[in-house]
Structures are given as structure tokens and as C-alpha cells.
Number of protein chains: 2
Amino acid sequence: MAKITIRDVAREAGVSISTVSNALNDVDVLNPATKLHVLEVAERLNYVPNLNGKMLKSGKTMMLGFFTTSVSGPYFYKLIETMSRQCERHGYGLNVFVTKDKQVIMSNILGRRVDGVIIYEELKIDEHDIEIMQKDKIKAVFLDRAFSNDTMGSVTFDSYAAGYEAAKYLIGLGHKRIAYISGVDTMFDSVRRRDGYLAALKEYGLPFDGDYVIQGYFEEDSTFNAIKAFIRMHASKLPTAFLAGNDLSAMGCVQALKAHGYEVPGDVSVVGFDDIDIAQYFSPPLTTVRNPIARQAILTVDHLVRMIQGKEEGQSQTLTGELIVRASSHVPVD
Amino acid sequence: MAKITIRDVAREAGVSISTVSNALNDVDVLNPATKLHVLEVAERLNYVPNLNGKMLKSGKTMMLGFFTTSVSGPYFYKLIETMSRQCERHGYGLNVFVTKDKQVIMSNILGRRVDGVIIYEELKIDEHDIEIMQKDKIKAVFLDRAFSNDTMGSVTFDSYAAGYEAAKYLIGLGHKRIAYISGVDTMFDSVRRRDGYLAALKEYGLPFDGDYVIQGYFEEDSTFNAIKAFIRMHASKLPTAFLAGNDLSAMGCVQALKAHGYEVPGDVSVVGFDDIDIAQYFSPPLTTVRNPIARQAILTVDHLVRMIQGKEEGQSQTLTGELIVRASSHVPVD
DNA sequence: CCTTTTTATAAAAACGTTTTTATGAAATTA
DNA sequence: TAATTTCATAAAAACGTTTTTATAAAAAGG
């Protein structure tokens, strides 16, 4: 009683395998009666087409690949859930690969396990890899960097502008000592937000103190620890505001400040990025620059699908943030 | 310049395709010189084997499938990241399917897109589906329910015991009015935690009030709203403790209480389940029953891989929680 | 009523691999 | 040296589909 194939259905129904295939794929070239009969037999035998055979022959897997080094945090799961739903809408599945192994990534992409790929992976794919992908006409959309050629697509968030806007907002409130909480330097978004922050400082003539860029890894708990250490070091003269590279680190920062007896925003203001779902329920509700994650997810999938269908060439789309002022920021006390 | 295949490599190297295959797959039957030459040519042509051809012929995809209806929240991304890493260790990839469409699930499973499946999906797969999977000798491990037969595996968390323990702990502190914040009734874990809680109430002779089971959907923000509504309704006589079905809802509950001016644990105690990473950094740090997610992930993948290798039959494994007492719970004030 | 077109189905080729079987040359044995 | 074994490689079959081509019967046209 091995796995039944199209051949078994054909034999049982007394027709050829091409007839079965046509019946199942709804190619209307068959006598309706035959088609019905075949379908009935297939149903009775619980026949399910083998996808590997199907994929090999058709050259299509009807799967999109999402390659990422991490799925931690609200940014990713919002992205993944929205992309998944959007894929389903187009008749595709989404294959999520969580790996840092470039070998794994490239062999899955070039080996055609998926029809198109979405890549978020912080610098690991280099120019040479991209060249190889171009030669193979791989359809790809990047989420963490923009492209100027027309074979690769990208849908990015303008993190530089967001960093600049957030810093400008704090400066506008009167803050003079503003610290930045970064991720790691391989994360494009972290670096660009920081650069925007630096640009604003410069524009308004505020001095930049190297100590004021704190590594928080974009996570709540590691930021919590980093800020506690920072507070111990700078207790005499704390910044009046922290600009955190994402909402999670903003939350960790707030917790650390509270743990040391500081009030937010009474003593210190904290601003984040992304506007993840929890941000508005946090205590205090977070001021943040909204990153339209769901929109990014939808645009990405739509763009990739159209690229696969040959309806569109790769293009760079940039989404801009929106400053959401809530309770975690205030004019400085001193 | 279409995609190059094993045939192109063979032609270019002046050998047969079987020789190329043997060289690439390291079958030591070849003259070392030939093998080296073939490898060199393959490298030069940037040959990457087509996975669909490979999968069809070998009958193996070297992929495990994870089917889930949601990836929201720390429970899932911890699970997914850990499972991914563990898969990689075994030479497998992890294919994450986020869908509620049973048709999608079944056709991917029965169509052999993956070599084995891990299923978390709250009641949608019924006995009949399982029967079909058994007939097809599908290797599967369930994360949300246990099995007594030996074709399906399961690695579950003993939520009933966890609910019982947590409630008993609160009762031991002296609490008499304890509310439970549930997910939805299709979630096994939510229901079992609640049943454990009810059992403890009964055992210690505490009355059960139907109003005291509040639906929070296992999310922070919806719980926040649900508890606010609950507080408005029951302001005169609030429970002295909330047992939340998971840490996220515990956090939402705390935020809602704070928003209404209650102190935790000063006025009200709150206890959660899971011990997600943030729990210890939350303010106040959460008392919770630790759910060994990473261990569940690793056990699951290991078990499934051994089932695929034929080294093991499906079996039910149960993990037990551990009560972690932190600052969010206290003896009642009245 | 014979030829052409249409219709319905079957047969065969193809997708890109791996694996089994075949083949011929070299090495070993008798 | 003839017969056997070993070695290295090639040829062919197979995996389960879809798609292209072929075939036979029925319908239409003159």
C-alpha cells in the first residue's frame, strides 16, 4: 500500500495518466463525464499529487522564500504573518529560513527551492552573490538595502530620515544631551538611524559624545543591562533623553531607568522606533517613529509576485516613518 | 544562457552525468583525478544542483515542516528559532507554514513537500485527517496534544499541572478571590491551564464565579482592554489575584491595573505562564510558571528526525513547568 | 459517400536528478 | 596466455508530474 500516484488513479479509472492530469488541473478538453469519473476515482483513492514531481516538471514551486538571520521580536513576526497572508492571497506559500549560513541560503535560492526570495539578513549577501543571482535571473526583493539596478527589488524603511526626525523632535523640545541606543553595526537600520541622529545633532550645533552611543542589540533585556551599566557610569550627569534604535530597546531602557529610580518622562525622555503593537500600551506609552511593517510586508510580496510573473522589473521602494508622540517624551527638566 | 544542469557539467568535463553525480555526492568509486576535474568544472560553471530534481529522485526533501496558525509572541519565535537551529544541526531545513487553511496544510503534508511535520494548530486537524496521515505513514509530532498510538509523536507541556500549581500557590498565599484570564477555547493550553486552576479552587473549597474567567486572547493588548472592562464592572470588589493564561496577558493585565491606579503586587497579585524572556525584566518582574520552550523545540526536532530515520516510533513526551516566584505576587491585603 | 475538421483520449517526451545495470579496459589469477 | 576479477566510467532506468504529439473516432462539409 505504497503512496498512490497519478498512475494508480489512471489504472483504476481506466484512462491514461494525461487524462487524469487534465481532469485534475481542470483543462477543459475532456468529456465532462470522463472528468467527473476521474475526479471521483481520485477522491476515492485519496489521491494527493506529489509536489516534487509537479515542481520538477512545471519549474514552479509556488513558494516564496524569506531568508532571515532572526525571527525575534515583534518586527519579525508582524512581517512574517503579514507576508504569509499576502502570499496565500496570491496562491503562494511562504518558506521561512532562519539561518546565518550563506551556503544554505545560496543553495536554496539557486537550487530553486522557491520561485522568488525575500531577503533580510544584515550584510551577509555580498556583491558577488548578488551578481550570481542576477546571472541566474533569480527574482529577489531585499528588505534591508536599496538597489539601483533593475533586477533586484527592495522595499526599505527610510531609517536615516526617521533618525533625523526623532532627534530633531527631541532637540526641539529643548534636549541638549541625547544618547542613542544602537543595535549592532551590521544592521543597516541601526546604523542609518544613528546617522540621522548624528546629522540632526550636527545641524543644530549640539556636541557629539562617543560615550552616548550605547550598544543594546535591539533587544529588551540586553538593552536593560546595557543601560543599567551606562547609568552607573554616568550617574552624575545623565542624558536628558534616550533615542533608542527600536521600541524593544526603548522599553528595556525605560525599565532600567525605573529600576534606578528615574521617572520617564519626568526625569528622562525615551523615544523608540517602529511603533510595535505593545508601544501604545507600555507604561508610559512610547513616543516612537512608526515603521509601517504591514505595508512593507504587503508591498514586498506584491512586488515579488509581479516580478515572477514578468509584469514588473525590480525597483526600489522606500517607506517613510511617522512620528507618534506619546507620553514617554517631554521637555527636559534642567 | 539558461540554468546549467548536471548535463552541462558532464559535457564540459567530457564525462557522463553519472560520473558528475558521483563526484558531487562524494561516492568514492571514481578515479581521484576525474573527481577533481569534475569538481573543478562544476565550480567554474557555478553549477548548483536543482533541488526539485534531487528531491523527486531521492524521495527526500531534507526539510521539516512547521505548521502553525500564528507566529505572534515570544513563545513562537523562541520555538521557531530553536527548532531552526536544531534542524540545521541535523542537516535539515525548517519550513514554516503560517496558515489556517487545512487544505493548504494537508496538501503540503501529503504532497511530500517536507519529510516530516511539526504541528501546532489548535484543533483544526481532526481524527479523520490523522487517520489519513497514518495511512500515508507521515511522520508527525504534535505540540499541542498528546497521542496514545505509536505513529504520531507529541511533545507537550503539562498545562493542567501548571494551572493547578499556580492556583495552589496563590491560594497558599491566602488569596480567596482569584480570576483566570483565558485565551480562546480552541487553545488546548488555555483550557487545560484553566481546568487546573478550577481543580485547585475546588480542592481548597473556594467558590467559583463564572465572571472570574476573562477572555484575553493570550495577547497583551487585547488583555489590556479586557481587564479594563472587567475592572469597570467589578470595581467594588476586585479579585485579589489574577492568574493569566500566559505572560503576555499577565503583562497586559498589569498595565490595565496600573492604568486604573492599582499597584501590583501591593493591591493585586498577577501570575503568568511561560516565563518568556521579558518576564524577568518586566515591572514588576513576573511570577510565572516556566514553560521550557527551548527544550520542547529541541526534543521535538530530535524526535521527529529519529522517526524519519526509522530509529524511533512516535511517542508522547510531557514537559512539566516550574513555578518561578518574582515580585508580581504577594499575600493579599484584605 | 469520401474528405476534412473537430473532439476525446492515449502515448511519449520532458523536467534534473540518483541509482542500477552494462561495458570495456586493466589487473590478477590459474 | 586464457579466464577471471577488479576498476572506472558510461548508459539506461527511475522518481511523479505536465505538456506535446499522435491516434482514432465522430462530426461536418462538399
Side-chain angles (χ1 to χ4, degrees), chain A residues 2-39 41-42 45-63 107-115 136-137, chain B residues 2-39 41-42 45-63 107-115 136-137:
Chain A
K3 180 70 190 165
I4 62 164
T5 75
I6 200 174
R7 229 163 229 101
D8 302 310
V9 179
R11 182 168 352 98
E12 183 73 14
V15 299
S16 73
I17 61 168
S18 36
T19 298
V20 176
S21 178
N22 284 329
L24 290 167
N25 294 5
D26 213 28
V27 180
D28 61 349
V29 64
L30 293 183
N31 181 322
T34 328
K35 177 168 154 184
L36 214 68
H37 173 229
V38 169
L39 255 36
V41 171
L45 298 185
N46 286 315
Y47 169 70
V48 177
N50 178 299
L51 295 171
N52 298 128
K54 208 161 174 152
M55 294 185 302
L56 175 59
K57 178 58 194 175
S58 67
K60 310 225 158 288
T61 65
M62 295 315 281
M63 279 270 151
S107 69
N108 277 291
I109 291 180
L110 301 173
R112 298 293 194 285
R113 198 190 290 276
V114 290
D115 293 344
D136 259 27
K137 305 205 190 313
Chain B
K3 179 69 190 164
I4 61 162
T5 74
I6 201 173
R7 232 165 226 96
D8 302 308
V9 178
R11 182 169 350 97
E12 183 74 11
V15 298
S16 73
I17 62 168
S18 37
T19 298
V20 175
S21 178
N22 284 328
L24 291 166
N25 294 10
D26 214 30
V27 180
D28 61 349
V29 66
L30 295 183
N31 182 324
T34 327
K35 176 170 157 184
L36 214 68
H37 173 232
V38 170
L39 255 36
V41 170
L45 297 186
N46 286 316
Y47 168 71
V48 178
N50 177 298
L51 295 172
N52 298 129
K54 209 161 173 152
M55 294 186 303
L56 176 57
K57 179 56 195 175
S58 67
K60 310 223 157 287
T61 65
M62 294 316 282
M63 282 271 153
S107 69
N108 277 291
I109 291 181
L110 300 173
R112 298 295 195 282
R113 197 189 290 277
V114 290
D115 293 345
D136 258 26
K137 304 203 190 315

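Throughout, a chain's letter reflects where its sequence line sits, starting with A, and its residues are numbered from 1.
- To the nearest 0.5 angstrom, T5(A) atom OG1 is 9.0 Å from N50(A) atom CG.
- Rounded to whole angstrom, the span from the CE atom of M55(A) across to the P atom of dG16(C) amounts to 14 Å.
- For K54(B), the side-chain atoms get nearest to dT18(C) when compared with the rest of dT19(C), dT18(C), dT17(D).
- Straight-line distance from the CZ atom of R112(A) to the C1' atom of dT17(C): 15 Å, rounded to whole Å.
- In terms of phosphate contacts, T5(A) brings no side-chain nitrogen or oxygen within less than 4.0 Å of OP1 or OP2 of dG16(D).
- Within the 4.5 Å cutoff, the side chain of M63(A) has heavy atoms near those of the N108(B) side chain.
- Mapping L30(B) and S58(B) onto DNA chain D by nearest heavy atom places L30(B) closer to the 5' end of the strand.
- Between K35(B) and D26(B) there is a salt bridge, since at least one side-chain N of the basic residue sits less than 4.0 Å from a carboxylate O of the acidic one.
- Atom-to-atom, CG of N50(B) to P of dC15(C) comes out at 12 Å; the value is rounded to the nearest Å.
- Considering only side-chain atoms of K57(A), the nucleotide from dA13(C), dT18(C), dT9(C) that sits closest is dA13(C).
- At a threshold of 4.0 angstrom between heavy atoms, the contacts of S18(A) include nucleobase atoms, whether or not backbone atoms are also involved.
- Listed nucleotides: dG16(D), dT17(C), dA10(D). Nearest to the side chain of T19(B): dA10(D).
- Atom NZ of K3(A) sits about 8.0 Å away from atom OH of Y47(A), to the nearest 0.5 Å.
- Y47(B) has a side-chain polar atom (N or O) that falls below the 4.0 Å cut-off from OP1 or OP2 of dT17(C).
- Here dA10(D) is the nucleotide among dA10(D), dT17(C), dT9(C) with the atom lying nearest to any side-chain atom of V15(B).
- Atom CZ in R7(B) sits about 12 Å away from atom P in dA11(D), given to the nearest Å.
- We find that NZ of K60(B) is positioned 11 Å from P of dT19(C), with the value rounded to whole Å.
- Atom CG of D115(B) sits about 5.5 Å away from atom NZ of K60(B), to the nearest 0.5 Å.
- How far CE of M55(B) is from CZ of R113(B): 8.0 Å, rounded to the nearest 0.5 Å.
- Spacing between atom CG of N25(B) and atom C1' of dT20(C) amounts to 15 Å, rounded to whole angstrom units.
- Counting to the nearest Å, the P atom of dG16(C) and the CG atom of D8(B) are 9 Å from each other.
- Counting any heavy atom pair closer than 4.0 Å across all strands shown, G14(B) reaches sugar-phosphate atoms only and no base atom.
- Residue N31(A) has its side chain nearest to dA8(C) when only dA12(C), dT9(D), dA8(C) are considered.
- Among the protein residues, L51(B) comes within range of no part of the nucleic acid, since none of its heavy atoms lies under 4.0 Å from any strand.
- Separating the NZ atom of K35(A) from the P atom of dT9(C) is a distance of 12 Å, rounded to the nearest angstrom.
- Picking from dC15(C), dT18(D), dT17(C) the nucleotide with the shortest atom distance to the side chain of I17(A) gives dT18(D).
- Residue S21(B) is classed as a base contact, given a heavy-atom separation below 4.0 Å to a base.
- Both G53(A) and L24(B) lie close to DNA chain C; mapped to their nearest nucleotides by heavy-atom distance, the more 5′-ward contact belongs to G53(A).
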